[in-house]
Amino acid sequence: MAENKKLEAIATKNRLTRPIVERYVAGNGLLDAWRVTEKLNAAGIDVSLDLLGESVFDLAQSKAATQEYLGAIEEINTRAPGSTVSVKLSQLGIGIDLQQCANNLKSLLQMADAQGVQVEVDMEHSSVGRATLEIFKGILSDYPKTRLAIQANMRRTPEDLLSFTDIKPRIRLVKGAFDETLDDALRSADEVTEQYKYLSRWALRHLPDPAFGTHDDECIEVVKEAARELGLDRKSFEFQMLYGVRRKLQDELVRDGYRVRVYLPYGTQWYPYLMRRMAEKPANLLLFLRSLIGG
Ligand SMILES: Cc1cc2nc3c(=O)[nH]c(=O)nc-3n(C[C@H](O)[C@H](O)[C@H](O)COP(=O)(O)OP(=O)(O)OC[C@H]3O[C@@H](n4cnc5c(N)ncnc54)[C@H](O)[C@@H]3O)c2cc1C
């Protein structure tokens with residue numbers, strides 16, 4: 001469904017989908033994102049801004065997305081210091097021209113570095129996974145604080161993590177949101193959760209300032225317990241969650257002294273993002289489909 005253009009056209013025009021969209025998306029523009037950020041910051045929660053949109057079809061679109069991100073980075077210190085931006089390399093042109101994509105990313109990193117802002121790179125479908133990893137490795141020595149999302153479901157992940165020999169990367173560990181083949185990925189939910197727990201313990205032990213992007217109580221407990229056993233300060237890693245998911249749990253973690261960051265999408269191109277969120281919670285998918293037919 002995430003790739004179905006016909007359904008996308010119907011869904012984006014249909015006002016009845018608004019309540020579900022608004023649960024997961026801050027709004028159409030950066031100003032909407034700042035409005036939501038202000039509330040989250042007041043609750044002790046940081047954000048990572050995500051300009052919605054992926055898989056651009058020409059370099060002009062990738063340039064436009066880069067410009068929008070530059071605008072957001074420029075405003076962070078006045079609007080909400082401590083915010084990061086999360087970028088998808090498909091939006092910066094990875095599917096069109098690797099060099100141009102790397103250049104777009106570098107221009108964001110240069111500006112972010114000058115402003116003291118940090119950038120996170122999302123991990124997308126495996127069709128661009130290798131290239132994402134290579135581009136990330138290419139910028140790491142100049143921008144070692146850049147964070148890369150790493151998917152626990154992917155079979156190559158342990159090998160990929162061990163391939164960082166010189167500079168240990170800052171990662172955001174997630175379960176993985178894309179439909180992958182059994183050859184490439186674990187597909188049983190229990191297996192993915194076990195792998196997530198294993199990699200969480202490993203990341204706390206071996207990597208600087210890891211982030212755990214999950215809403216799963218079991219995984220969160222494992223992170224807390226492993227950090228305790230290793231004698232780590234609660235501020236030496238962070239939990240990340242998606243805007244619209246488990247808000248109460250975010251407050252509880254802040255109250256208990258943990259760092260929490262919410263991934264905050266904004267923009268008009270919400271359809272593929274929302275479909276991935278629906279896939280994670282099938283009950284929501286039914287609600288969404290009902291809203292499309294007005295039932
Ligand atoms: C900050 C952040 C960044 C991410 N970045 C990436 C990325 O770069 N690449 C990538 O492939 N994936 C990314 N993801 C998505 C991730 O891979 C999972 O698909 C998603 O987080 C669901 O997995 P979970 O760990 O929450 O566990 P699950 O077992 O899926 O969920 C645990 C519980 O959380 C709640 N929950 C989970 N998802 C939803 C939802 N959509 N709506 C309502 N409740 C829900 C439910 O109560 C569920 O029982 C990101 C996730 C987060 C939190």
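Every number for a ligand or one of its atoms is a count from 1 in the order of the listing.
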Between [Y] and [X], does any NZ, NE, NH1 or NH2 come within less than 4.0 Å of an OD or OE carboxylate oxygen?
{"X": "Arg255", "Y": "Glu252", "value": "no"}
{"X": "Asp216", "Y": "Lys175", "value": "yes"}
{"X": "Asp209", "Y": "Arg147", "value": "yes"}

Could you verify whether a donor N or O on one side chain and an acceptor N or O on the other, from [X] and [Y], lie under 3.5 Å apart?
{"X": "Ser90", "Y": "Glu54", "answer": "no"}
{"X": "Glu120", "Y": "Gln118", "answer": "no"}
{"X": "Ser86", "Y": "Asp50", "answer": "no"}

**Study point:** Test item, Arg23 contacting ligand 1 (heavy atom, 4.0 angstrom)
**Key:**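 The answer is yes, since Arg23 has a heavy atom less than 4.0 Å from ligand 1.
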Review point. With a 4.0 Å cut-off on heavy atoms, is Tyr196 touching ligand 1?
Key: no
Protein contact for [atom] (heavy atom, distance under 4.0 Å):
{"atom": "atom 10 (C) of ligand 1", "value": "yes"}
{"atom": "atom 38 (N) of ligand 1", "value": "yes"}
{"atom": "atom 49 (O) of ligand 1", "value": "no"}
{"atom": "atom 31 (O) of ligand 1", "value": "no"}

Please list, in number order, the atoms of ligand 1 under 4.0 Å from a heavy atom of [X].
{"X": "Asn284", "answer": "42 (N), 43 (C)"}
{"X": "Gln240", "answer": "1 (C), 53 (C)"}
{"X": "Tyr24", "answer": "40 (C), 41 (N), 42 (N), 43 (C)"}
{"X": "Asp122", "answer": "8 (O)"}
{"X": "Gln151", "answer": "9 (N), 10 (C), 11 (O)"}

Measure from the side-chain N and O atoms of [X] to the backbone N and O of [Y], and report whether any donor-acceptor pair falls under 3.5 Å.
{"X": "His215", "Y": "Met241", "value": "no"}
{"X": "Lys168", "Y": "Phe164", "value": "yes"}
{"X": "Gln250", "Y": "Phe239", "value": "no"}

Does an N or O from [X], backbone or side chain, lie closer than 3.5 Å to an N or O of ligand 1?
{"X": "Met123", "answer": "yes"}
{"X": "Val174", "answer": "no"}
{"X": "Tyr263", "answer": "no"}
{"X": "Ala177", "answer": "yes"}

Students should be able to answer this: which protein heavy-atom is nearest to [atom], and at what distance?
{"atom": "atom 5 (N) of ligand 1", "value": "Arg172 NH1, 3.0 Å"}
{"atom": "atom 25 (O) of ligand 1", "value": "Thr214 OG1, 2.6 Å"}
{"atom": "atom 17 (O) of ligand 1", "value": "Gly176 N, 2.6 Å"}

Have a look at [options] and point out the one with the heavy atom closest to [atom].
{"atom": "atom 45 (C) of ligand 1", "options": "Thr132, Asp217, Leu249, Val245", "result": "Val245"}
{"atom": "atom 28 (P) of ligand 1", "options": "Lys175, His215, Glu280", "result": "Lys175"}
{"atom": "atom 2 (C) of ligand 1", "options": "Ile220, Asp216, Leu148, Leu242", "result": "Leu242"}

Practice item. Using salt bridge (charged side-chain N to carboxylate O under 4.0 Å, His left out) as the criterion, point out the one residue from Lys137, Arg130, Arg155 that pairs with Asp160. Key: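 Testing each of Lys137, Arg130, Arg155 against Asp160, the sole residue satisfying salt bridge (charged side-chain N to carboxylate O under 4.0 Å, His left out) is Arg130.
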**Study point:** More than 12 heavy atoms of other groups within 6.0 Å of Arg35 CZ
**Key:**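 Count over threshold, so yes.
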Check your understanding: Hey, is Lys281 touching ligand 1 through its side chain, its backbone, both or neither, going by heavy atoms under 4.0 Å?
Key ->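 Side chain only.
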Review point. Parallel, tilted or perpendicular: which describes the rings of Phe178 and His125, with under 30° parallel and over 60° perpendicular?
Key: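 Phe178 and His125: perpendicular rings.
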Practice item. Examine Arg201 relative to Tyr198 and say whether NZ or CZ is less than 6.0 Å from the centre of the six-membered ring and inside a 45° cone about the ring axis. Key: no
